[in-house]
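These notes concern the structure reproduced below.
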Amino acid sequence: MAKELTSMKENYSQWYNDLVVKADLAENSAVRGCMVIKPYGYAIWEKMQAELDRMFKETGHVNAYFPLFIPKSFFSKEADHVEGFAKECAVVTHYRLKNAPDGKGVVVDPAAKLEEELIVRPTSETIIWNTYKNWIQSWRDLPILCNQWANVVRWEMRTRLFLRTAEFLWQEGHTAHATKQEAIDETFKMVNVYASFAENFMAMPVIKGHKSANERFAGALDTLCIEALMQDGKTLQAGTSHFLGQNFAKAFDVKFADKEGKLEYVWATSWGVSTRLMGALVMAHSDDNGLVLPPKLAPFQVVIVPIYKKDDQLKGISEKVAEIEKQLKAEGISVKYDDSDAKKPGWKFAEYELKGVPVRLAIGPRDLENGTVEVARRDTLTKEVVNIEGIEKYVAGLLEKIQDGIYQKALDFRDKHITSVDTWDEFKDVLANKGGFISAHWDDSPETEQKIKDETKATIRCIPFDAVEEKGKCIYSGKPSNKRVLFGIAY
RNA sequence: CGGGGUAUAGCACAGUCCGGUUAGUGUGCCUGCUUUGGGAGCAGGAGGUCGCAGGUUCGAAUCCUGCUACCCCGACCA
C-alpha cells in the first residue's frame, strides 16, 4: 500500500528504478545526471569498499589520492585516450563568481578566465602518469602499485541510478612495472580479484575474458573484464582491468634505468570497479518484493521484530531479544532490533523485505512461552519456528546457506542463458526471444562486430579466458574462426 | 543531441481543454483513544511562492513565450 513496486515482468526498467528509490538506496538529485546515495545504499557500498580495499592491500597495493582536475593539455598526450573521452568531459573555465549587475544572484566573472582549462577527471591515467614520471628513475623504483578511491565525471546523455550517472564513485588502480610480462600478470591478477569479489561477496557469477578491439579502453592494448548477466537477459560489464603497454609511459616520457643502466619505457596497467556494482547487485538477485541482499554485503544481516499487545509484554520480549542480540553479535552477525511502536509488525515485515534484509526474527508472547522464535529468510520467503536455544549457530548457518543459495540461483540462471548458436537466424532469434549470452564464432574483425551491432544492438561482451579451440565459421561473415566469443545486449 | 511525455502538500494524483468562491483527493505527518503473529481503526489537526522567469488579462494552476529538471524511445558510453 505505502510502497508498491512495479513488477519485473510488467516493466523491468521501472521495477529497477522503483526499487532503488523505495529501498532507500539512492535518489535523483537537483543536479542533472547526478544521484544522492542514501545511507542505506551507501552502507552497502562501504561494505564493498572495505572488502575490495582489503583484497587490494593483500595483493600488495597501497592507496593514494590524485587531483580531481586535470590540465587540458595532459589529455591530448595520448591520442586514443583523448578520443575516447573527449565527448564526455566537464570543463572548468573560470575560477570566480561575482554579483550580477542587475543585483539578482551571481554570474561568472569573465575576468577570472583560466589560462588553461581544467578537465574534471573522467579517469586519472594522465595526471597519474604525469606524476609517476617524477617518481620513477630506476628499476629500484618499480613496481608502483597504487590505488585511489575517488569520484569521476563522465557527461552522459542518458543516466540511470547507479548504472550510468554523470558523477560516480569508484576505485582506480594504476600500476607501473619494469617488464611487459609483469604488467600483464598484474592485469590478470586484478581481474581475478574482481571475479572473486563478485562471486564470493556479491554472490554474482561472472565470466572473465578479453574485450574485443571495439570495446577496449581508450589507450589500452588489452582490456580484461568480468561480465555478469542480469535477470532481464541483458549483460553488464562489472569490472575492467587494462594492460596499457607503454602508451602512457611514452606519452608522458616515463623511463627507468634497468639493471644494465639502459633507459626503458615503463609498462602500465589500470583497473577499476564503480558504484555500478550497486546496480548489478540489485539486478542480479532482487524480486517483486524488493531487494535480496547477499548476507556478506547487507548493512545488517538480521532484523528482529517484536510482537506484543502491551508495554509489559514488550519489556519481556526486549529482555529476551537483548540476550539473542548478544549471542548473534558474538558470532559476528550484524543485527537490528526494531522495537519502534510507530509501525505494526506487518508493516515492518514488508519494509525489511523491500530492503532485502537476509534474515528476520519475530518474537511474540507465544514464543516467550515456548522458548522459540520465528525465523524468516528473505531469499526464499520461507518461515519456520526455531528454538531460541542455539539460535546464534542456527542463524550463522542460515546466512551461509542464503549467501550460497542466491549465488547458485544466479549461476543456474546464467548457465541457462548461455546459448551456443551456429546460424545467423538462430542468433537473431535467441537475441530477440531469450536474451543472455550468445556463444558464437566470430571472424576476429572489428568490421564484422560493428555490422552485428548495427543490425542487432548486440556486442561482443568478452572473449572468455576458457574459450576452447574449435574450428568454426563466423556467424555473420562465414569466414573461418577458431573459437567462440560471447555476444549480448549490454547495459 | 533528436522524438514523445511529465512538473500542483513529504509521496501519488485530480483540477488545466473551456481563466472567475477560500486549489482538492488518497497516502504520509502531528495529537488522542483503541490496536499489534503479514503494510490497523476512529476522531481531531498541521501542511501549497500550483517547477522557474517573463507576458496577456479586471482576474492565471489554467492562455502565450522562454528556461530548467525528471521519465520513456533512439544515437553515445562503465
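Bear in mind that the values here come from a model prediction, so they are computed numbers and not experimental data. Each chain gets a letter, A, B and so on, in the order its sequence line appears, and its residues count up from 1.
Applying the 6.0 Å contact sphere to CD of Gln450(A) captures more than 12 heavy atoms from other residues, nucleotides or ligands. Other residues, nucleotides and ligands contribute at most 12 non-hydrogen atoms within 6.0 Å of the CG atom of Asp311(A).
Base-pair partner of G51(B): C67(B) (Watson-Crick or G-U wobble, both distances under 3.5 Å). Across all strands shown, nothing is found opposite U22(B) as a Watson-Crick or G-U wobble partner with both distances under 3.5 Å. Judged by Watson-Crick or G-U wobble contacts below 3.5 Å, the nucleotide U56(B) has no partner. Pairing for A43(B) goes to U31(B), judged as Watson-Crick or G-U wobble with the two contacts each under 3.5 Å. Summarising the base pairing, G74(B) is matched to C1(B) through a Watson-Crick or G-U wobble pair whose two defining distances lie under 3.5 Å.
Note: CD1 (Ile304(A)) to C1' (G37(B)) measures 16 Å, nearest angstrom. Between Trp347(A) atom CH2 and G38(B) atom C1' the separation is 13 Å, expressed in whole Å. We find that CZ of Arg366(A) is positioned 13 Å from C1' of U36(B), with the value rounded to whole Å. When the P atom of A40(B) is taken as reference, atom OH of Tyr308(A) falls 13 Å away, rounded to whole Å. Counting to the nearest Å, the C1' atom of G37(B) and the CG atom of Leu368(A) are 13 Å from each other. The CD1-C1' distance, from Ile307(A) to A40(B), rounds to 14 Å in whole Å. One can place CZ of Phe349(A) at 11 Å from P of A40(B), the figure rounded to the nearest angstrom. In this structure, Asp338(A) places its CG atom 16 Å from P of G38(B), rounding to the nearest Å.
Projected onto RNA chain B by closest heavy-atom contact, Gln14(A) and Glu353(A) fall at different nucleotides, the more 5' of which corresponds to Glu353(A). The residue among Cys34(A) and Asp367(A) whose nearest nucleotide of RNA chain B lies closer to the 5′ end is Asp367(A).
Distance from the side chain of Lys343(A) is smallest to C29(B) among U36(B), G39(B), C29(B). With U36(B), G37(B), G39(B) as the choices, the nucleotide that has an atom nearest any side-chain atom of Glu374(A) turns out to be G37(B). Looking at the side chain of Ser13(A), the nearest of the listed nucleotides U36(B), C72(B), G38(B) is C72(B).
Note on residues 285-298 of chain A: pairs passing salt bridge (Lys or Arg N to Asp or Glu O under 4.0 Å), not counting sequence neighbours, are Asp287(A)-Arg378(A). Residue pairs satisfying the side chain to side chain donor-acceptor pair (under 3.5 Å) criterion with at least one member in residues 357-368 of chain A, sequence neighbours excluded, are listed as follows: Glu353(A)-Arg360(A), Asp367(A)-Thr372(A).
A gap of 22 Å separates the C1' atoms of A43(B) and G39(B), to the nearest Å. The gap from the C1' atom of U35(B) to that of G41(B) amounts to 8 Å, rounded to the nearest Å. Between G28(B) and A40(B), the distance separating the two C1' atoms is 15 Å to the nearest Å. Between A14(B) and A9(B), the two P atoms lie 12 Å apart (nearest whole Å). On the C1' atoms, G51(B) is 16 Å away from U62(B), given to the nearest whole Å. If you take atom P in G5(B) and the same atom in G66(B), they sit 15 Å apart, rounded to whole Å. Across U8(B) and G2(B), the matching P atoms stand 25 Å from one another, rounded to whole Å. The same atom, C1', is picked in A60(B) and in A53(B); the two are 15 Å apart, to the nearest Å.
Residue-level contact check: Pro306(A) touches neither bases nor backbone, having no heavy atom under 4.0 Å from any strand. Residue Arg160(A) is classed as having no contact, given no heavy-atom separation below 4.0 Å to the nucleic acid. Residue Gly33(A) is classed as a sugar-phosphate contact, given heavy-atom separations below 4.0 Å to backbone atoms only.
Aromatic ring centres of Trp271(A) and His61(A): separated by under 6.0 Å.
Checked by distance alone, Lys383(A) brings no side-chain donor or acceptor within 3.5 Å of a matching partner on the base of G37(B).
For Glu88(A), there are no salt bridge (charged side-chain N to carboxylate O under 4.0 Å, His left out) partners at least two apart in sequence or on another chain.
Between Asp379(A) and Arg377(A) there is a salt bridge, since at least one side-chain N of the basic residue sits less than 4.0 Å from a carboxylate O of the acidic one. In summary, Glu51(A) and Lys47(A) do not engage in a salt bridge, as defined by a charged side-chain N under 4.0 Å from a carboxylate O.
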Check nucleotides 5-12 of chain B for protein N or O atoms closer than 3.5 Å to its own N or O atoms and list the pairs.
none

Protein-nucleic acid N or O pairs under 3.5 Å, nucleotides 74-78 of chain B:
residue	atom	partner	partner atom	Å
G74(B)	OP1	Lys457(A)	NZ	3.2
C77(B)	O2'	Glu156(A)	OE2	3.1
C77(B)	O2	Arg164(A)	NE	2.1
C77(B)	O2	Arg164(A)	NH2	2.9
C77(B)	N3	Arg164(A)	NE	3.2
C77(B)	N3	Arg164(A)	NH2	2.6
A78(B)	O3'	Gln237(A)	OE1	3.4
A78(B)	O3'	Gln237(A)	NE2	2.8
A78(B)	O3'	Arg276(A)	NH1	3.4
A78(B)	O2'	Arg276(A)	NE	3.2
A78(B)	O2'	Arg276(A)	NH1	2.1
A78(B)	O2'	Arg276(A)	NH2	2.8
A78(B)	N6	Thr165(A)	O	2.6

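Taken to the nearest 0.5 Å, the CH2 atom of Trp155(A) stands 11.0 Å off from the SG atom of Cys89(A).
Close to G37(B), at under 4.0 Å from its OP1 or OP2, lies a side-chain N or O of Lys344(A). Asn17(A) has no side-chain polar atom (N or O) that falls below the 4.0 Å cut-off from OP1 or OP2 of C70(B).
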For a quick test of your reading: what N or O donor-acceptor pairs under 3.5 Å do the side chains of residues 218-229 of chain A make, sequence neighbours left out?
residue	atom	partner	partner atom	Å
Asp222(A)	OD1	His210(A)	ND1	3.3
Asp222(A)	OD2	His210(A)	ND1	2.9
Thr223(A)	OG1	Phe217(A)	N	3.0
Thr223(A)	OG1	His242(A)	ND1	2.8
Glu227(A)	OE1	Arg461(A)	NE	3.4
Glu227(A)	OE2	Lys211(A)	NZ	2.6

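Using modelled atom types and a 3.5 Å distance limit, the side chains of Glu125(A) and Ser270(A) yield a donor-acceptor pair. Between the side chains of Ser241(A) and Thr187(A), no donor-acceptor pair of N or O atoms lies under 3.5 Å.
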